[in-house]
Amino acid sequence: MNNAPSLAKVEVTALKGVGAQLADKLAKIHIHSIQDLLFHLPLRYMDRTRVSPIGAVQPLASVVIEGEVKACDVVFGRRRSLVCRLQDGTGLITLRFFHFSAAQKKRLVPGARLRCFGEARRGASGLELYHPEYDFIDAKTPLPLESTLTPVYPATEGITQQRLRSLTEQALALMSSHSLEELIPDDAWKREPYPLSEALAFLHHPPKEAPIDELLSGTHAYQQRLAFEELLAHHLSMLRVRQRIQADGARPLPTPTKLLEAFRQQLGFTLTGAQQRVADEIAADLSQPYPMLRLVQGDVGSGKTVVAALAALQAVGNGLQAAIMAPTEILAEQHRQSFSQWLEPLGIKVGWLSGRQKVAERRQQLAAMASGETQVIVGTHALFQDGVEFADLGLTIIDEQHRFGVHQRLALREKARGPGDEDHGGRSHQLIMTATPIPRTLAMSVYADLDCSIIDELPPGRTPVATVAISNERRSQVVERVRAACLEGRQAYWVCTLIEESEMLEAQAAEAIAQSLGESLPDIRVGLVHGRLKPAEKEEQMQRFKAGDLQLLVATTVIEVGVDVPNASLMIIENPERLGLAQLHQLRGRVGRGTAASHCVLLYGSPLSQYSRERLKAMRETNDGFVIAEKDLELRGPGEVLGTRQTGEVNFRLADLQRDGFLLPRIKEVATHILSVHPEVVDALIGRWLGSSENYASV
Ligand code: ADP
Ligand code: MG
């Protein structure tokens with residue numbers, strides 16, 4: 001077996017019926033070798049091996065049923081459809097056809113006996129099969145059933161399921177004459193693993209008696225064995241990026257004790273224990289001769305900015321520059337103010353680069369950065385555009401990283417590395433900050449390339465935000481509440497949300513709400529910000545709100561991140577059921593920043609679904625971002641929690657972070673073990689599971 005050729009090296013063209021054309025199509029879905037084909041695993045299975053009693057059919061199951069037509073009629077609902085009621089001794093089910101011919105209708109008469117195959121869904125009349133496949137049956141000529149479960153592969157352009165099944169069959173047969181390497185070393189397993197070939201043969205071709213429920217939920221032992229390997233491959237790919245970056249080295253930045261002391265003296269508050277701990281972790285990283293790769297997670301309002309300032313000072317104290325990038329103009333501007341206020345008294349020059357600067361100002365800022373005149377530079381994406389040069393960048397800080405996504409983060413990392421970095425002794429140190437706590441298991445996977453610090457304490461004197469859910473039917477009471485708060489000298493946000501991903505519709509809705517609130521509250525000064533305003537207009541509204549000139553700010557979710565107005569102590573969120581928990585928590589974090597007791601009103605549209613009710617309940621019950629993140633993961637799954645920007649990360653073939661996350665601590669151990677003891681299998685493992693789509697190889 002050992003000398004047999006490896007299936008990783010045999011091209012698909014070795015299979016019967018695979019010519020250049022089909023090979024091209026397969027290449028499009030990253031199938032080049034026989035191994036690739038074998039690891040193109042079924043998404044789900046259909047059971048066409050047995051006939052299910054109609055009474056036992058569950059929603060979302062694909063089933064074969066047999067029965068007698070009881071009635072068949074054309075129904076004129078929202079869409080005209082042919083509705084056929086089918087019964088056996090155990091129950092009654094509806095077959096529904098939106099497209100049908102007269103001939104079809106004519107044959108589906110009461111008394112006709114059918115065998116159908118389809119997916120059951122809850123419909124207008126209980127369980128329904130839409131457009132099932134069906135055959136007429138009679139007692140004399142029984143129809144055969146399948147002898148194994150039918151795999152369903154991820155859809156592929158121009159290649160039918162049938163074709164994939166027959167190719168896979170050939171590939172499976174080759175396993176007897178060729179080898180498929182077990183890449184995970186034996187000593188890495190806790191228990192004897194199932195042989196790879198056995199697991200693959202089973203999963204492509206599960207026998208009739210295989211437990212289909214386990215297979216459909218992905219919990220079958222063979223699936224778990226492969227999921228382990230897949231997660232391990234992903235983990236290794238992230239660790240390898242990290243290794244590569246760290247191998248480049250960085251200049252060690254010893255802690256400038258005096259400078260940091262001077263900073264603390266004029267700060268006006270003392271760091272919380274958590275801030276101090278995280279600042280120490282960062283300071284220790286920075287003094288190493290390889291680049292820091294650290295993520296700071298801290299709930300909204302936990303005080304990440306000052307921790308970032310301390311890190312920046314450590315670069316400046318060593319004669320290097322620090323760059324701080326924020327995802328929006330509003331946030332960047334806020335950082336500019338904080339950093340100027342904190343650092344300029346110490347004689348440090350703060351530079352500023354934004355996308356909407358006047359040409360002359362931009363030129364001047366660029367020159368100051370390039371000459372080293374400005375030591376700490378705050379900005380938006382504009383910081384990492386072409387033509388931007390630093391005199392000597394020692395540290396890059398990326399704030400609110402969740403707004404960027406992991407691929408962007410990696411790209412930034414590349415840009416943050418100036419062309420002359422090697423001459424300067426390696427890469428710049430990197431600090432990434434996020435206010436969106438990620439559940440532990442997800443963090444382990446998505447941030448495997450980073451060390452994590454958590455600021456798990458809020459500055460003293462904050463009172464937790466009290467959250468209530470109120471139906472839109474009681475809207476007028478809520479408006480009165482806003483009036484009362486404003487008349488007491490407090491300020492409030494009114495946040496509008498929309499289902500559609502349309503900035504324009506959202507802006508229109510916000511405008512309409514601002515107008516109607518303006519009419520109901522003639523004695524209150526109402527402002528408006530939304531994504532369609534010009535940056536200068538947005539800025540002006542924000543500044544007026546900050547200054548207390550506006551009392552009520554109607555806003556879309558553009559105010560989500562980072563905005564700091566301590567006097568605002570009331571927030572109304574319209575249709576909170578449309579947002580994810582993490583986003584709601586972010587929004588709510590805009591209040592509760594001062595000493596006054598703060599309130600958040602979730603003004604929902606009734607009736608609420610069970611699912612929405614649960615989410616709003618979670619919001620009422622806790623102010624802890626980490627608890628909310630766990631709940632969000634439980635309710636929505638990792639893809640949603642990480643947001644579409646990051647789903648590239650969770651596009652596994654078989655593994656599911658929510659289901660298999662419990663494997664990660666073990667995977668982390670095994671990955672470290674493999675990297676140090678069996679580094680020779682790392683490339684093969686990554687190649688097998690990530691193939692050419694490996695996003696990290698080039699970093
Ligand atoms: P976030 O973590 O959301 O970025 P910020 O850095 O904006 O939080 O801090 C929120 C507010 O808390 C700011 O006004 C900041 O000056 C203040 N703050 C930060 N740390 C402390 C502290 N240790 N004591 C008192 N106030 C603090
Ligand atoms: Mg912040």
Side-chain angles (χ1 to χ4, degrees), residues 260 263-282 294-313 323-345 376 378-380 397-404 431-438 452-465 491 493 542 545-548 558-569 571 582-596 598 623-626 628-629:
L260 296 188
F263 173 78
R264 266 176 243 244
Q265 290 298 327
Q266 49 90 55
L267 191 56
F269 54 77
T270 7
L271 298 186
T272 62
Q275 282 172 322
Q276 186 59 58
R277 172 171 44 78
V278 172
D280 288 345
E281 285 166 353
I282 294 170
R294 184 167 289 278
L295 172 79
V296 173
Q297 291 192 62
D299 218 338
V300 284
S302 61
K304 293 182 290 296
T305 319
V306 67
V307 171
L310 283 164
L313 273 181
I324 294 98
M325 183 176 69
T328 65
E329 296 280 344
I330 292 178
L331 284 179
E333 176 59 36
Q334 201 166 279
H335 282 340
R336 170 158 88 134
Q337 285 170 15
S338 306
F339 279 77
S340 301
Q341 182 198 329
W342 289 333
L343 302 182
E344 282 175 356
V376 173
V378 181
T380 56
I397 302 172
I398 302 176
D399 193 16
E400 304 297 353
Q401 187 270 323
H402 61 283
R403 281 292 193 97
F404 292 108
L431 181 64
I432 290 160
M433 305 197 291
T434 174
T436 304
I438 292 192
C452 285
S453 297
I454 298 180
I455 305 183
D456 51 4
E457 184 185 347
L458 294 181
R462 305 264 174 88
T463 31
V465 181
Q491 288 170 281
Y493 294 100
M542 285 312 301
F545 187 62
K546 258 191 156 169
V558 296
I559 57 145
E560 183 188 343
V561 187
V563 174
D564 194 26
V565 181
N567 190 47
S569 59
M571 172 173 282
Q583 207 180 359
L584 285 172
H585 181 65
Q586 283 291 320
L587 283 170
R588 182 172 60 180
R590 303 302 110 230
V591 292
R593 300 188 146 235
T595 41
S598 291
N623 274 293
D624 182 330
F626 283 89
I628 285 178

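Order of appearance sets the numbers: ligands from 1, and atoms from 1 within every ligand.
A heavy-atom distance below 4.5 Å is found between the side chains of V306 and L267. Contact of the V565 side chain with the R590 side chain is not registered, since no non-hydrogen atoms from C-beta on lie closer than 4.5 Å. Two residues are said to be in side-chain contact when any heavy atoms from C-beta on lie closer than 4.5 Å; L295 and C452 meet this criterion. Under the 4.5 Å side-chain criterion, counting only non-hydrogen atoms from C-beta, D456 is in contact with R277.
When heavy-atom distances to ligand 1 are checked against a 4.0 Å cut-off, L271 comes that close only through its backbone atoms N, CA, C and O. The residue Q334 has no part lying near ligand 1, judged by heavy-atom distances below 4.0 Å.
Which parts of ligand 1 touch G303 is read off a 4.0 Å heavy-atom cut-off, strictly below it: atoms 1 (P), 2 (O), 5 (P), 6 (O), 8 (O), 9 (O), 19 (C). Ligand 1 places these atoms under 4.0 Å from at least one heavy atom of T272: 23 (N). Each of the atoms 3 (O) of ligand 1 lies under 4.0 Å from some heavy atom of V300. Heavy-atom contacts of T305 reach the following atoms of ligand 1: 4 (O), 5 (P), 6 (O), 7 (O) (cutoff under 4.0 Å).
With atom 2 (O) of ligand 1 as the reference point, the heavy atom nearest to it among Q341, K304, M433, R590 is part of K304. Relative to atom 26 (N) of ligand 1, the option among A326, A308, G273, P459 with the closest non-hydrogen atom is P459.
P464 approaches N623 most closely through the heavy-atom pair CB-ND2, 3.7 Å.
Residue G301 places a heavy atom less than 4.0 Å from ligand 1.
For F269, no nitrogen or oxygen atom sits less than 3.5 Å from a nitrogen or oxygen atom of ligand 1, counting backbone and side chain alike. The distance criterion of under 3.5 Å between nitrogen or oxygen atoms is met by T270 with respect to ligand 1.
The backbone N or O of T272 lies less than 3.5 Å from no partner atom in the side chain of E457, so there is not a single donor-acceptor pair.
Contacts classified as side chain to side chain donor-acceptor pair (under 3.5 Å) and involving residues 294-303 (residues at least two apart or in different chains) are given here: D285-R294, R294-S453, D299-H585.
Residues satisfying the side-chain hydrogen bond (donor to acceptor under 3.5 Å, both in side chains) test with Q266, not counting sequence neighbours, are none.
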